[in-house]
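FYI, side chains are in, hydrogens and waters are out, and symmetry mates aren't considered; it's all heavy atoms of this structure. Quick note: residue numbers are just sequence positions, from 1.
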Amino acid sequence: ELQEALSLPRPPRRIECYDISNIQGTNSVGSMAVFEDGKPKTSHYRRFKIKNVQGVDDYSMMREVLTRRFRRLSKAAEATASNGSGPDAEPTGDGQTWGIVPDLVLIDGGKGHLGAALQVFLELGIDSVPLASLAKENEELFVPQMQEAILLPRTSQGLFLVQRVRDEAHRFAVTFHRQRRSKKTIG
């Protein structure tokens with residue numbers, strides 16, 4: 001259903017969703033939640049401390065997180081190309097997951113967040129990873145090069161899946177943000 005609605009080249013077996021959490025720009029963090037075959041793959045979740053953005057600027061924070069993640073994908077792809085293993089191979093040794101190419105990157109947010117993500121993909125030369133954003137208010141899906149929002153039926157299993165992935169990325173980001181705030185309060 002998602003493959004058809006979003007015009008994906010293949011079913012989205014691996015979905016990575018990104019979210020940002022901060023309060024008035026403080027202790028800002030980003031999260032990457034991963035679902036494989038419709039289920040959370042918590043061992044592949046990642047947290048990001050925002051290092052280069054001051055104040056409240058969700059778009060710049062999203063760009064920072066995605067740049068850090070997808071630069072790592074590019075480096076992993078270069079490394080696998082030089083040693084002859086395939087790009088979708090499970091990582092070895094250090095257990096990192098940066099070399100796994102997602103079937104769909106989902107951004108928690110609307111058109112602006114999608115634009116920030118698309119800018120990162122263009123800068124890094126990534127054109128083979130499908131990208132979409134999910135705006136919470138009306139549960140609208142946005143994809144690049146499409147002006148109108150995609151509205152899945154309210155009873156759609158595809159909608160339920162992207163909502164679960166988005167909500168999990170949000171939960172993971174908020175939890176990390178609270179941990180950072182708590183450490184600053186105590187320390």
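Checking Leu118, Leu124, Ile126 one by one against Leu122, the side chain to side chain contact (heavy atoms under 4.5 Å, CB included) holds for a single residue, Leu118.
For the residue pair Ser60/Arg63, the side-chain donor-acceptor check at 3.5 Å is satisfied.
Cluster annotation: Tyr59 is not connected to Val65 through the hydrophobic network of ILVMFWY side chains, with a link wherever side-chain heavy atoms come within less than 4.5 Å. Residues Ile107 and Val101 share a single hydrophobic cluster, defined by chaining ILVMFWY side chains whose heavy atoms lie under 4.5 Å apart. Hydrophobic cluster membership is shared by Met146 and Leu106, with clusters built from Ile, Leu, Val, Met, Phe, Trp and Tyr side chains linked at under 4.5 angstrom.
The two residues Gly38 and Arg164 have their closest heavy-atom pair at O-NH1, 3.3 Å. Taking every heavy atom of both residues into account, Pro130 and Leu8 meet most closely at CB-CD2, 3.4 Å. In terms of heavy-atom proximity, Met61 sits nearest to Ser28 at CE-OG, 3.3 Å. Residues Leu66 and Ala117 approach most closely at CD1-CB, 3.4 Å, considering heavy atoms. Taking all atoms of both residues into account, the shortest heavy-atom contact from Ala132 to Val143 is CB-CG1, 3.8 Å. In terms of heavy-atom proximity, Ser31 sits nearest to Ala169 at OG-O, 2.7 Å.
Under the rule for a side-chain hydrogen bond (donor to acceptor under 3.5 Å, both in side chains), the partners of Glu64 that lie at least two apart in sequence or sit in another chain are Arg68. By the side-chain hydrogen bond (donor to acceptor under 3.5 Å, both in side chains) test, Arg13 pairs with Asp37, sequence neighbours left out. When the ring-ring contact (aromatic ring centres under 6.0 Å, His included) test is applied to His170, no partner is found at least two apart in sequence or on another chain. Evaluation of the side-chain hydrogen bond (donor to acceptor under 3.5 Å, both in side chains) rule for Ser7 yields no partner, not counting sequence neighbours. Gln163 pairs by the side-chain hydrogen bond (donor to acceptor under 3.5 Å, both in side chains) definition with Glu139, not counting sequence neighbours.
A distance of 7.5 Å separates CD of Glu1 from CD of Gln157, quoted to the nearest 0.5 Å. Note that OG1 of Thr42 and CZ of Phe172 are 8.5 Å apart. Values are rounded to the nearest 0.5 Å. Going from atom CZ of Phe121 over to atom OG1 of Thr67 covers 9.5 Å, rounded to the nearest 0.5 Å. Rounding to the nearest 0.5 Å gives a distance of 8.0 Å between CG of Leu104 and CG of Leu131. Taking OH of Tyr45 as the start and SG of Cys17 as the end, the distance is 9.5 Å to the nearest 0.5 Å. One distance of note links CG of Leu73 with CD of Glu16; it measures 8.0 Å at 0.5 Å rounding.
Between Tyr18 and Phe70, the two ring planes are tilted [angle within 30° to 60°].
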TODO: For side-chain contact (heavy atoms from CB on, under 4.5 Å), just list the numbers for Arg166 and Asp19, CA-CA rounded to whole Å, side-chain angles, deciding distance to a tenth of an Å, and then say yes or no.
DONE: CA-CA 8 Å; Arg166 187 253 340 260; Asp19 191 20; over 6 Å; no
Task: Criterion side-chain contact (heavy atoms from CB on, under 4.5 Å) on Ile100 and Val34, from CA distance to verdict - done: CA-CA 11 Å; Ile100 301 173; Val34 178; over 6 Å; no
TODO: Go through Met32 and Arg69 one step at a time and tell me if the side-chain contact (heavy atoms from CB on, under 4.5 Å) criterion holds.
DONE: CA-CA 9 Å; Met32 174 179 106; Arg69 191 282 186 244; 3.9 Å; yes
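Residues Ile50 and Asn22 are not in side-chain contact: their nearest non-hydrogen atoms beyond the backbone lie 4.5 Å or more apart. Counting only heavy atoms from C-beta outward, the side chains of His44 and Pro102 never approach each other to under 4.5 Å. Contact of the Asp167 side chain with the Lys136 side chain is registered, since non-hydrogen atoms from C-beta on lie closer than 4.5 Å.
Under the side-chain hydrogen bond (donor to acceptor under 3.5 Å, both in side chains) criterion, the residue pairs touching residues 99-116 are Arg10-Asp103, with sequence neighbours excluded.
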